[in-house]
Amino acid sequence: MSKCIWQDRHGQNPGTVNTGKSEITNMSEQIEQAVELEEALERKYEAGFHSEIEADTFESGLDESVIRRLSEIKGEPEWMLEWRLKAYRSWLEMEEPDWAHVDYPKIDYQSISYYSAPKSMKDKPKSLDEVDPELLRTYEKLGIPLHEQEMLAGVAVDAVFDSVSVVTTFREKLEEAGVIFCPISEAVHKYPELVKKYMGSVVPRTDNYFAALNSAVFTDGSFVYIPKGVRCPMELSTYFRINEQNTGQFERTLIVADEGSHVSYLEGCTAPQRDENQLHAAVVELVAMDDAKIKYSTVQNWYPGDENGKGGIYNFVTKRGICHTNAKISWTQVETGSAVTWKYPSCVLKGDNSVGEFYSVALTRGRQQADTGTKMIHLGKNTRSTIISKGISAGKSNNAYRGLVKMGPKADGARNFTECDSLLIGDTCGAHTFPYIESRNPSAIVEHEATTSKVSDEQLFLCKQRGLDTEKAVSMIVNGFCKEVFKELPMEFAVEAGKLLEISLEGSVG
Amino acid sequence: MLKVKNLHASVEDKAIIKGLNLEVNPGEVHAIMGPNGAGKSTLGYVLSGRDGYEVTDGDMTLNDANLLDMEVEERARAGMFLAFQYPVEIPGVSNMEFMKESVNAMREERGEDPLTAAEFLKKAKAACKQVQLPLDFLKRGVNEGFSGGEKKRNEIMQMILLEPSLCILDESDSGLDIDALQVVADGVNSQRDGKRSFIVVTHYQRLLDYIKPDFVHILADGEIVKSGDASLALEVEKHGYAFLGKKYEEAEA
């Protein structure tokens, strides 16, 4: 198990290798255009509704008794409680990291409630008629089919026969293949050996401040186990689980792909969450045994806050996978939401010939801040990794790529290729690149390419002269910029991601 | 069709067009020639409404609609097409999807149904062949990695697909060898149907051997100083712009 985290490795304030801060000349005729763009980019969060749902919610505050209570409500075995308490005690000793290129007020961890669950399924909307029409319009724009809309909106499935059949077929199909896909709280009871063996094996309890907090208080998440040699018969999606239990803001996902198995997992945060709290600290662990393949795709659209930077989710997520011999892990993420993002889906390439991939699109606008990237830790021989990162900044936002490529002493013949492109819209945003490369093996090859470009007024003029309005033009240019990443997403998700970008860029012009 | 009266326009507060008058009727081809810095490219940008090209005085109408009240895309949808001298690249956006969006924006304006992918592909293939570009240009990013000549031919392909009523060609001949020039000219000539009008902006007479103009205007220092028929272009070819006065004597024709 390799433990390699930013604050350990680089201290509090890592040196900048290459900063691509944009300084665009303020030509007078560009100002008008900038204003126009600004308007085009201004938009309301279409999913920021509030549901009046009666819930069991803990009073705010965190101490050991809160964790004991949480564990008790979930009926957890003793070992799970012990694990949580150990994580909590480590967390108390740790300090919140401040090296990321983000700025937010100090979080008061005692002002957060660490458990909230709706009292019963009956409190959920019974049909789409009871769901906020605004929300439905968003789904419609995203092109999500009706039965999925019902699930996303948390419509109680027992009232909707259509969805029941969907869920049932899906369950049966997975059971036939021997695939386990259930809430992690259920896995703790049903599959304690698997959970004990793998939970914390990739992201240890003490890995970092937010991972430690998550380990102490995680409320739920997904557990996936694919048996040896099995190709999971369908793409697994969190959509299918949301209606069963509202996942908390401290969710924990564990995916274990046994030898020679394949799985593609979709994490859709396009679903607006009911969570009132601001902090979202998730942990995702992937284990790819020999010859296994895991593809993990995320489309994240958490509430980004208003145009003045008020409100919004702090998305502090630890995602990491370990690859054994000949295994492959591929992370694809499209990030358009959250006020502050701190997220580095990583691969530990432990086994020889293993492969890690990271494809990312991060769009920031308004006052959003994103510090995201990946870590590729090459330990085995002939390990290979590819990083394609596309950052899009608009408004007054800041978008940073931070990536570590580490070649261990035994990583003979290892290779990495990194491409890191930034696109600026307007002239009040920032794009930054912090690549770190550590090579302890002379036969390893590391390549890094970086570009910064701007949606130019020439491009906009060409599009408009061909009859397209500003919004259409911007979204087309941005989609073109992201094409390399979108093609890595499963088909339906790619369409959704493209539309999500379009919606995110939608505004009042036209 | 196009009526321009006493047009004054400036860029960054510098007057470039100074009292220009021009009337283009349906089916006519007007050539605009002139020495460097006369305001030839500026005229194309002002007509199409590019940001930063400010009209300070005068009127311009297209089919009696006041162009000054219209955004760039509205003018385009009203039938105005500008073939760029230096078309810009849009990486990752295929020519095909770009053109399909454009064509359908025009169709929507005319109250027609959008073309399906198959219908569009058929038209696009034909246009692509007409300007002698390999079909894979439809899949490539807009102008991405195209040579100068390929970009110009790509512009003509777009013109063919969009079926505009007024085409402004901004030095579509610059940087072309004789074969490419022929292709561009053939593309333009194929679109002459007695209704569609053209403004051909060029520095050289050469292009006008292939695209026969009905009128030739000499633009100098922001004004049309002389107008005539095709023979005026030949005259310029022979004698240069010396007739414009002392300061143009050295100007290359």
Side-chain angles (χ1 to χ4, degrees), chain A residues 25-37 39-40 361 388 390 392 419 421-423 426 451-488 494-495 497-498 501-502 509-510, chain B residues 10-13 44-45 47-54 70-95 97-110 140-144 151 154-155 158-159 161-164 168 170:
Chain A
T25 47
N26 274 312
M27 286 168 67
S28 59
E29 79 266 24
Q30 284 188 347
I31 291 173
E32 214 173 309
Q33 185 131 28
V35 169
E36 195 180 335
L37 273 172
E39 285 170 3
V361 166
I388 310 283
K390 305 274 182 181
I392 303 142
E419 182 187 321
D421 300 322
S422 305
L423 182 70
T451 64
T452 301
S453 54
K454 189 177 179 248
V455 173
S456 68
D457 34 339
E458 272 169 284
Q459 287 173 327
L460 286 176
F461 179 57
L462 171 62
C463 293
K464 291 204 258 186
Q465 213 297 308
R466 297 300 184 253
L468 308 178
D469 57 35
T470 307
E471 273 177 24
K472 184 77 212 165
V474 170
S475 101
M476 189 180 256
I477 293 166
V478 169
N479 267 292
F481 175 75
C482 301
K483 189 164 270 181
E484 264 176 291
V485 173
F486 285 174
K487 73 178 175 20
E488 295 299 326
V495 174
L501 279 196
E502 204 165 307
V509 169
Chain B
S10 57
V11 179
E12 288 181 340
D13 294 329
Y45 290 147
L47 289 174
S48 55
R50 183 166 187 170
D51 279 345
Y53 291 76
E54 201 192 339
M70 295 158 82
E71 294 292 331
V72 180
E73 60 270 32
E74 292 168 332
R75 297 182 196 195
R77 290 176 203 153
M80 186 187 286
F81 179 88
L82 174 66
F84 288 79
Q85 186 178 2
Y86 303 110
V88 67
E89 297 187 0
I90 309 179
V93 177
S94 77
N95 237 345
E97 62 184 305
F98 178 66
M99 287 314 302
K100 186 162 165 274
E101 290 291 343
S102 301
V103 166
N104 284 336
M106 304 298 176
R107 291 180 70 89
E108 195 184 335
E109 181 77 18
R110 294 195 293 259
R140 285 172 60 179
V142 177
N143 295 314
E144 208 179 346
K151 284 182 182 172
N154 198 41
E155 292 291 291
Q158 294 175 25
M159 183 183 89
L161 283 170
L162 291 173
E163 303 171 356
I168 305 164
D170 187 8

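Sequence lines set the chain letters: A, B, ... in the order given, protein chains first and strands last, and positions in each chain run from 1. Because the structure is predicted, anything quoted here is derived from the model rather than measured.
For the atom pair CG (Asp51(B)) and CG (Asp457(A)), the distance works out to 7.5 Å, reported to the nearest 0.5 Å. With values rounded to the nearest 0.5 angstrom, Met106(B) atom CE is found 8.0 Å from Arg466(A) atom CZ.
Both the backbone and the side chain of Cys463(A) come within less than 4.5 Å of a heavy atom in chain B. Of the atoms belonging to Leu162(B), it is side-chain heavy atoms, and not backbone ones, that fall under 4.5 Å from chain A. Contact of Asn104(B) with chain A is not made at all, since no heavy-atom distance falls under 4.5 Å. Contact of Tyr53(B) with chain A is not made at all, since no heavy-atom distance falls under 4.5 Å.
What you find for Val93(B) and Met476(A) is that their closest heavy atoms are CG2-O, 3.1 Å. Contact between Ala76(B) and Gly467(A) at its shortest, heavy atoms only, is CB-N, 3.7 Å.
Chain A forms the most heavy-atom pairs under 4.5 Å with one residue out of Glu108(B), Arg77(B), Glu89(B), Glu74(B), and that residue is Arg77(B). For the options Glu54(B), Met80(B), Arg75(B), Met99(B), heavy-atom pairs under 4.5 Å to chain A are most numerous at Met80(B).
Looking at Gln465(A), its side chain never comes within 3.5 Å of a backbone N or O of Gly49(B) through a donor-acceptor pair. A donor-acceptor distance shorter than 3.5 angstrom exists from the side chain of Lys483(A) to the backbone of Gly92(B), with no hydrogens or angles considered.
Taking the side chain as every heavy atom from C-beta outward, Pro91(B) and Gln459(A) approach each other to under 4.5 Å.
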Could you go through Val88(B) and Phe461(A), starting from their C-alpha distance and side-chain angles, then the distance that decides it, and tell me whether this counts as side chain to side chain contact (heavy atoms under 4.5 Å, CB included)?
CA-CA 10 Å; Val88(B) 67; Phe461(A) 179 57; over 6 Å; no

